[in-house]
Amino acid sequence: MPVELSIPTPKGFDFLTTVRGHGWYDLAPFRFDEAKAELRYTFTDASGRKASAGCISGRPGELAVRLTNRSVPEAKVVRDVRHILRLDDDMDEFYDAARREDRLHWAADIGAGRLLRSPTVFEDAVKTMCTTNCSWALTRKMVENLVEKLGISATGGSKAWPTPAAMASVDEAFYREEIRAGYRSPYFVEFAEAVASGEIDPESWLHSDLPTSELRKEIKSVKGFGDYAADNLLKLLGRYDGLALDSWLRAKFYEKHASGKKCPDKRIAKHYAKFGKWQGLAIWCDMTEYWHVEGR
DNA sequence: GCGTCCAGGTCTACC
DNA sequence: GGTAGACCTGGACGC
């Protein structure tokens, strides 16, 4: 039996700005229906054995969430939606800093900066690995393969993100041949096995007391996580000290602030240094402004 | 059709 | 600590 939930949103929150503000909406199990302004996701219960297809839409002051069945407890779905859309993030400090900058004032005005993320750090970590050293098209393909080949099905056939155990149950050859992950394959095996066995608990990174520099070291101890991947995951954890520079972000910076010419990373870092612990979010908003202004 | 380049990098070896 | 070379895939591009 279908279920409909209502989740109140904080003042200044904008559903579509949040969804469009990070490319994650384009990666399975997310599906974004631009025409209907609906974000779909396949939720799972805590055990990862039951799934419900969900459809999220924005209304003034609230989110409406429709579920295909009651397989997943409502409280779990509400928690996941709040996490995905960062309803509990306090953005005031960042918006105060953005309002002091002419070029970022718009972010505070429209409520940008709540980077869409997955319900679990594990899912975000694997997706981040899928973004390294490849085109966005290949990232989409690898993520789609992971969901289709290792995720459980909800009513209606939509698939959920695979559990660490499911990902640990297949070998390197599977990742190479079925997921098309190439040289990343052993990294997936090692990470999934470590998480499934409890050796690594990525969810604990969300509320870690470690300073960001120490947490970055811990994340980088996972094979496949270098500077970019670690900083990108830290952003999704809510820590914006790092810029998470990749070739795309660099190219956008050259285009916008260096007359199209390459420049050292140090210059980029200096450009955003004034934002302190918010610099990672500042560069992201600055480089993605056209997504909100012109559409994608 | 074919070869090359490169894209939302990382690891290892070496200096 | 910095650098070079290897590593997979697949789309874009030139010929």
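Residue numbering restarts at 1 for every chain, and letters A, B, ... go by the order of the sequence lines.
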Task: Whole-Å gap separating P (C:dC8) and CZ (A:Phe188) - done: 13 Å
TODO: Using atom CD of A:Glu178 as one end and atom P of C:dC8 as the other, report the distance to the nearest whole Å.
DONE: 17 Å
TODO: Check every atom of B:dG8, B:dT10, C:dT9 against the side chain of A:Ala229 and return the nucleotide holding the closest atom.
DONE: B:dT10
Open item on the list: Just the rounded figure in Å: distance from P of B:dG8 to CH2 of A:Trp24.
Closed with: 13 Å
TODO: Indicate whether A:Trp136 forms a stack on B:dG8; treat it as stacked only if centroid distance is below 5.5 angstrom and interplanar angle below 30 degrees.
DONE: yes
TODO: Measure up the A:Trp278 and A:Tyr240 rings against each other and bin them: parallel (under 30°), tilted (30 to 60°), perpendicular (over 60°).
DONE: parallel
Task: Short N-O contact, A:Asp80 and A:Lys76, less than 4.0 angstrom - done: yes
TODO: Classify the angle between the aromatic ring planes of A:Phe122 and A:Phe191 as parallel (below 30°), tilted (30 to 60°) or perpendicular (above 60°).
DONE: parallel
Open item on the list: Rounded to whole Å, how long is the line connecting atom CG of A:Leu236 with atom P of B:dG8?
Closed with: 18 Å
Open item on the list: Of the options C:dC8, B:dG9, B:dA7, whose atoms approach the side-chain atoms of A:Arg184 most closely?
Closed with: C:dC8
- [ ] Just compare B:dG8, B:dG9, C:dG10 and give me whichever is closest to any side-chain atom of A:Asn133.
- [x] B:dG9
Open item on the list: Can you tell me how the ring of A:Tyr272 sits relative to the ring of A:His257, calling it parallel under 30°, perpendicular over 60° and tilted otherwise?
Closed with: perpendicular
Task: A:Arg176 side chain, from C-beta outward: closest of C:dG11, C:dC8, B:dA7 - done: C:dC8
Open item on the list: Counting Watson-Crick and G-U wobble pairs with both distances under 3.5 Å, what is the dot-bracket string for DNA chain B, 5' to 3', using [ ] for crossing pairs and | for pairs to another strand?
Closed with: |||||||.|||||||
Open item on the list: Nearest whole Å is fine: how far is C:dT9 C1' from A:Glu144 CD?
Closed with: 17 Å
Open item on the list: So A:Ala251, base contact, sugar-phosphate only, or nothing? Heavy-atom distance under 4.0 Å.
Closed with: nothing
Taking only N/O atoms, report every protein-nucleotides 11-15 of chain B pair under 3.5 Å with atom names and distance.
from, atom 1, to, atom 2, distance (Å)
B:dC11, OP1, A:Gly224, N, 2.6
B:dC11, OP1, A:Phe225, N, 3.4
B:dT12, OP1, A:Lys223, NZ, 3.0

Open item on the list: So which atom in A:Glu38 and which in A:Phe32 form the shortest heavy-atom distance, rounded to 0.1 Å?
Closed with: O-CD1, 3.3 Å
